[in-house]
Amino acid sequence: MTSFIKTPSIFNSTSHRRSFIMSSSQSNGQNGQQYDDYYKLRHSAAHVMAQAVLERFPDAKITIGPPIKDGFYYDFDLGRKEDGSLRTFSPEDLDAIEKRMRQIIAGRFPFEKRVVSADEARALFADQPYKLELIDGLEAGGVDEYGEKIEGPVEISTYKQDTFEDLCRGPHVEHTGKIPPDGFKLLSVAGSYWRGDENRPMLQRIYGTAWKNKKELKAHLDWLEEVRKRDHRRLGKELDLFSTNHEMVGGGLILWHPKGALMRHLAEEHAKKLHLEGGYDFVNTPHIGRATLWETSGHLDFYREGMYAPIEIEGQEYYLKPMNCPFHVFIYKSRVRSYRDLPIRMAEWGTVYRFERSGTLHGLMRVRGFTQDDAHLFCAPEQMPTEIDKVLDFSLSLLRDFGFEQFQLYLSTRPEKRVGEEAKWDDSEEALLEALKRSGLPYGVNEGDGAFYGPKIDIYVTDALDRPWQLSTIQFDFNLPERFDLTYVGADGVQHRPYMIHRALMGSIERFFGVLIEHYGGIFPVWLTPVQVKIIPITDEQNEYAAQVMEQLKLAGLRVELDNSDGRMNAKIRNAQLQKIPYMLVIGGREAEADVVNVRLRNGKRLGTMSVDAFVTLAQEAVAERIAI
RNA sequence: GCCCACAUAGCUCAGUCGGUAGAGCACAUUCUUGGUAAGAAUGAGGUCAUCGGUUCAAGUCCGAUUGUGGGCUCCA
């Protein structure tokens with residue numbers, strides 16, 4: 001079963017080249033973690049913002065306002081309006097708050113720390129119910145900003161600047177003047193729930209970004225602009241790759257257009273070839289299965305909220321599949337398995353459907369129907385370490401083929417509530433850890449973060465904008481082999497329980513494409529780009545020669561389009577450029593005469609004239625090497 | 001689902017104080033036949049998301065609905 005773990009907190013972004021905190025266990029604030037300047041700056045900005053908000057909304061209830069990656073936020077409960085609806089921030093409020101923050105900054109008010117008892121704190125925040133709840137929590141033993149439990153009672157402190165005193169561990173900058181007035185900006189308002197729980201009150205959140213100076217702020221705003229420009233939904237439309245239609249087709253359901261489907265085909269073809277070479281067998285399974293299947297697998301117990309309502313067929317209930325595993329299990333069970341059959345590596349590009357709340361749907365990144373490059377490994381215990389090694393290598397090499405170079409690996413170990421024998425947990429966790437070590441790549445361990453059915457490795461890639469994305473996952477499953485009573489006959493003639501490992505390398509192919517589009521910014525490597533070559537005749541005198549060149553290139557296996565519209569060459573080049581087509585072959589009278597093509601690259605570089613054969617060699621090399629030009 | 005913002009031509013967007021619909025791109029036709037990121041003219045294209053309300057009059061104001069974007073533990 002694929003599960004989504006949360007991205008680790010990243011506080012120490014000192015530049016736009018972001019870096020990971022390796023493991024959550026090393027970042028406990030109570031154990032001497034160094035709070036960097038950004039932490040203090042952003043945390044202080046949050047307090048200043050809270051002061052400005054309270055001045056404007058005296059009845060507001062304050063909650064929490066932590067520093068976050070690139071900035072800070074603060075959540076407020078503004079109460080309700082006369083008509084019962086929630087009072088909220090308007091864009092004008094944001095402007096006024098930001099202006100007032102600069103005044104407070106100019107006041108150079110010191111941040112003064114005070115250590116108080118729980119009762120003193122309660123008196124101080126008597127009219128702040130959220131703070132009272134926090135104080136109760138602190139008295140009982142705290143939780144740090146990474147969500148890690150802190151044992152025992154915690155020192156309770158407040159920080160005060162000017163008129164505003166907040167329950168806070170700190171630390172802060174010395175005084176408000178240390179916050180650069182032109183280094184921060186309030187970005188947006190958003191709704192959020194107290195403690196992230198939708199059953200608790202809805203709060204109003206203001207997000208801000210804060211940096212050491214104007215230049216850094218500008219760099220960050222530019223980065224945000226770059227993120228916007230690379231948005232896969234925007235590029236998907238511009239490059240005609242895919243679309244969605246919520247009103248008629250439905251939200252979270254992707255329509256792959258010819259060019260997008262072609263890219264997907266190319267990517268899948270490559271991955272499938274590698275799977276076959278890697279000893280995987282492809283299978284195909286249906287989209288629906290009977291309720292008893294999902295009852296036995298445990299999905300209806302543990303995953304029901306992710307599944308759609310049943311379909312009734314002749315009095316029997318069928319469910320749309322949210323995962324492929326139970327079907328693969330039945331292929332395994334279709335006959336008696338011998339140790340000689342193992343390992344079995346069963347792969348399927350399986351399309352699954354999962355319920356996602358409407359508000360969480362997002363382009364290709366979060367959808368309701370998607371295809372996984374799913375596989376299940378069934379192996380004997382002694383084969384397991386080798387299989388783990390292989391699958392990890394496979395995953396990394398596949399991701400490298402798609403241009404990802406930076407990886408971050410996470411091992412999630414046994415949680416409190418779990419199934420399976422301890423010996424299996426021991427073996428599998430060790431095998432995963434050994435494989436991680438052998439990979440030579442940075443990895444972290446999330447103790448207790450595994451699924452109830454087994455430990456797992458998640459692979460995050462870092463994209464061209466330094467953003468982490470979880471793609472691959474390798475998960476043990478001690479649950480399904482038990483529930484479906486999977487066995488194999490060992491050399492000793494008795495029945496044994498095989499290990500079962502789920503793995504998806506690209507994960508969701510939809511999501512993978514979303515990441516890929518943003519990673520490349522639409523400038524896909526030659527092997528993957530839907531149209532590799534655009535032929536641009538200068539006048540229609542050359543149309544015939546151009547068509548002849550196109551045929552030659554097609555015979556050579558290149559994906560070519562001919563622009564014989566009656567526009568000018570400049571316009572044709574511009575169009576090809578906007579479509580980010582790697583090679584433009586400009587053909588005028590001179591080229592037709594000499595039986596050559598004039599090659600222009602999408603980066604603006606001109607390679608001059610060459611024979612068609614020479615160009616074919618050049619392009620084929622780029623395809624084979626998977627290079628991006 | 002919940003909070004905020006938004007919804008005008010295929011796309012990107014303008015539309016003032018409420019007075020009856022605009023631009024650029026794309027598309028079609030014609031002219032143009034050119035040397036490395038936009039040649040020109042003409043034309044077609046809109047029930048201003050949907051439904052309801054206020055008004056002499058609604059793209060514009062109000063409400064509901066549908067949909068989109070941002071956000072909903074990065075937890076003192």
Side-chain angles (χ1 to χ4, degrees), chain A residues 6-11 29 42-43 46-47 62-75 78 85-91 93-94 121 125 130-131 133-135 137-138 142-148 154-159 166-170 187-207 231 233-234 237-238 244-248 251 356-363 536-543 566-578 584-591 598-602 604-606 608:
Chain A
K6 47 186 200 283
T7 307
S9 313
I10 300 168
F11 279 101
R42 290 164 182 165
H43 199 178
H47 279 221
I62 52 176
T63 69
I64 57 166
I68 55 173
K69 182 164 106 41
D70 304 334
F72 59 92
Y73 69 80
Y74 210 112
D75 284 344
L78 299 182
S85 64
L86 289 167
R87 190 179 301 283
T88 56
F89 291 112
S90 68
D93 289 328
L94 272 202
F125 296 101
Y130 299 97
K131 292 293 179 189
E133 188 178 325
L134 291 173
I135 293 163
L138 288 173
V143 171
D144 75 3
E145 70 270 39
Y146 299 95
E148 306 274 316
V154 176
E155 176 187 274
I156 298 176
S157 59
T158 69
Y159 275 80
D166 199 0
L167 183 70
C168 179
R169 178 178 56 213
L187 293 178
S188 58
V189 287
S192 68
Y193 297 100
W194 172 235
R195 300 263 159 180
D197 181 346
E198 63 190 288
N199 300 312
R200 315 282 309 258
M202 167 68 69
L203 307 172
Q204 302 304 315
R205 174 173 297 182
I206 300 179
Y207 279 101
D231 189 315
R233 293 164 301 179
R234 178 194 175 102
K237 192 182 281 182
E238 286 175 7
T244 53
N245 182 307
H246 291 246
E247 285 180 340
M248 297 293 277
E356 299 286 353
R357 296 192 295 176
S358 56
T360 63
L361 299 176
H362 182 84
I536 300 175
I538 294 179
T539 78
D540 47 18
E541 305 259 306
Q542 289 88 47
N543 280 355
D566 75 345
R568 296 186 61 193
M569 175 202 63
N570 293 291
K572 293 179 184 181
I573 288 176
R574 180 166 195 271
N575 288 336
Q577 198 79 48
L578 290 174
M584 285 158 254
L585 303 187
V586 177
I587 293 176
R590 298 200 290 266
E591 286 78 12
N598 198 324
V599 183
R600 177 197 162 98
L601 305 181
R602 62 185 155 189
K605 204 170 156 194
R606 286 157 66 173

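Convention: sequence-line order gives letters A, B, ...; per-chain numbering from 1.
Using a 4.0 Å heavy-atom cutoff across all strands shown, A/Q577 reaches at least one base atom of the nucleic acid. Residue A/S157 is in base contact, counting any heavy-atom pair closer than 4.0 Å across all strands shown. A/R233 comes within 4.0 angstrom of sugar-phosphate atoms only, judged by non-hydrogen atoms across all strands, and of no base. Among the protein residues, A/G604 comes within range of no part of the nucleic acid, since none of its heavy atoms lies under 4.0 Å from any strand. Nucleic acid contact class of A/S358 (heavy atoms, under 4.0 Å, all strands): base.
In this entry the distance linking OH of A/Y74 with C1' of B/rC74 reads 16 Å, nearest Å. The distance from atom CZ of A/R205 to atom C1' of B/rA5 is 17 Å, rounded to the nearest whole Å. Counting to the nearest Å, the C1' atom of B/rG34 and the CD atom of A/E541 are 11 Å from each other. At whole-Å resolution of the value, CD1 in A/I68 and P in B/rG71 are 10 Å apart. Across the protein-nucleic acid pair, A/R357 atom CZ and B/rG71 atom C1' stand 12 Å apart, rounded to whole Å. Regarding A/R195, its CZ atom lies at a distance of 16 Å from the P atom of B/rC72, rounded to whole Å. Between the P atom of B/rC3 and the CD1 atom of A/I206 lies a distance of 18 Å, rounded to the nearest Å. Residue A/K572 contributes atom NZ, which lies 13 Å from atom C1' of B/rU32 at whole-angstrom precision.
Rounded to whole Å, the P atom of B/rC6 lies 14 Å from the corresponding atom of B/rU60. Between the C1' atoms of B/rC17 and B/rC61, the separation comes to 12 Å (whole Å). Distance noted for atom C1' between B/rG10 and B/rG19: 30 Å (whole Å). For B/rU42 and B/rG1, the P atoms lie 48 Å apart once the distance is rounded to whole Å. For the P atoms, the distance from B/rU50 to B/rU33 is 46 Å, rounded to whole Å. The separation of B/rG43 from B/rA5, taken at their C1' atoms, amounts to 38 Å, rounded to a whole angstrom. Nucleotides B/rC31 and B/rA14 are separated by 38 Å at their P atoms, to the nearest Å. Between the P atoms of B/rG22 and B/rG45, the separation comes to 14 Å (whole Å).
For A/L167, whose side chain is taken as the heavy atoms from C-beta onward, the closest listed nucleotide among B/rA76, B/rC3, B/rG71 is B/rA76. In the set B/rU36, B/rC3, B/rA37, B/rU36 carries the atom at the smallest distance from any side-chain atom of A/N598. Nearest nucleotide to the A/I538 side chain, out of B/rG71, B/rA76, B/rG35: B/rG35. Minimum atom distance to the side chain of A/D540 is reached by B/rU33, of the listed B/rC4, B/rG70, B/rU33.
Side chain A/E591 to base B/rG35: a donor-acceptor pair is found below 3.5 Å. With hydrogens and angles ignored, no donor-acceptor pair closer than 3.5 Å exists between the side chain of A/Y193 and the base of B/rG71.
Side-chain nitrogen and oxygen atoms of A/H362 include at least one within less than 4.0 Å of the OP1 or OP2 phosphate oxygen of B/rG70. Phosphate proximity of B/rG71 to A/S192: absent, as no side-chain N or O sits under 4.0 Å from OP1 or OP2. Between A/R600 and B/rG35, a side-chain N or O to OP1/OP2 separation shorter than 4.0 Å is absent. Taking 4.0 angstrom as the limit, A/Y73 places none of its side-chain polar atoms (N or O) nearer than this to OP1 or OP2 of B/rG70.
Nearer to the 5' terminus of RNA chain B, by closest-nucleotide assignment, is the contact made by A/F89 (compared with the other of A/R602 and A/F89). Between A/L578 and A/L203, the one whose closest nucleotide on RNA chain B sits nearer the 5' end is A/L203.
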Output a table of nitrogen or oxygen pairs between the protein and nucleotides 6-14 of chain B separated by less than 3.5 Å.
| from | atom 1 | to | atom 2 | distance (Å) |
| --- | --- | --- | --- | --- |
| B/rU12 | OP1 | A/K237 | NZ | 3.2 |

Quick one: which protein N/O atoms are closer than 3.5 Å to N/O atoms of nucleotides 38-45 of chain B? Pair and distance per line, please.
| from | atom 1 | to | atom 2 | distance (Å) |
| --- | --- | --- | --- | --- |
| B/rA38 | N7 | A/R574 | NE | 3.2 |
| B/rA38 | N7 | A/R574 | NH2 | 3.4 |
| B/rA38 | N6 | A/R574 | NH2 | 2.7 |
| B/rA38 | N1 | A/R574 | NH1 | 3.1 |
| B/rA38 | N3 | A/R574 | NH1 | 3.3 |
| B/rG39 | O4' | A/R568 | NH1 | 3.4 |

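Looking at heavy atoms from C-beta onward, A/I573 lies in side-chain contact with A/I536 at the 4.5 angstrom threshold. With contacts defined as side-chain heavy-atom distances shorter than 4.5 Å, the pair A/V599/A/M584 does not qualify. The shortest distance between side-chain heavy atoms of A/K131 and A/D166 falls below 4.5 Å. Between A/R590 and A/Q542 there is no side-chain heavy-atom pair separated by less than 4.5 Å. Taking 4.5 Å as the limit, some side-chain heavy atom of A/L134 sits within range of a side-chain heavy atom of A/L167. Counting only heavy atoms from C-beta outward, the side chains of A/R205 and A/V189 never approach each other to under 4.5 Å.
For A/F125, there are no ring pair (Phe, Tyr, Trp, His ring centres under 6.0 Å) partners, not counting sequence neighbours. Residues satisfying the ring pair (Phe, Tyr, Trp, His ring centres under 6.0 Å) criterion with A/Y159, sequence neighbours excluded, are A/H172. Contacts of A/Y74 classified as ring pair (Phe, Tyr, Trp, His ring centres under 6.0 Å), with partners at least two apart in sequence or in another chain: A/F76.
A donor-acceptor contact shorter than 3.5 Å links the side chain of A/K572 to the backbone of A/P537. Looking only at distances, a side-chain donor or acceptor of A/S157 sits under 3.5 Å from a matching main-chain atom of A/C168.
Remark: of the listed residues A/I206, A/L203, A/I62, A/L203 is the sole one forming a side chain to side chain contact (heavy atoms under 4.5 Å, CB included) with A/D75.
For RNA chain B, runs of at least 3 consecutive pairs of the Watson-Crick or G-U wobble type, with both hydrogen-bonding distances under 3.5 angstrom, map to B:1-7 with B:66-72, B:10-13 with B:22-25, B:27-31 with B:39-43, B:49-53 with B:61-65.
Between the side chains of A/R195 and A/Y193, no donor-acceptor pair is found at a separation under 3.5 Å.
Within a 6.0 Å sphere centred on CD of A/E541, heavy atoms belonging to other residues, nucleotides or ligands number 12 at most.
Ion pairing between A/E238 and A/R233 fails under the 4.0 Å rule for side-chain N and carboxylate O.
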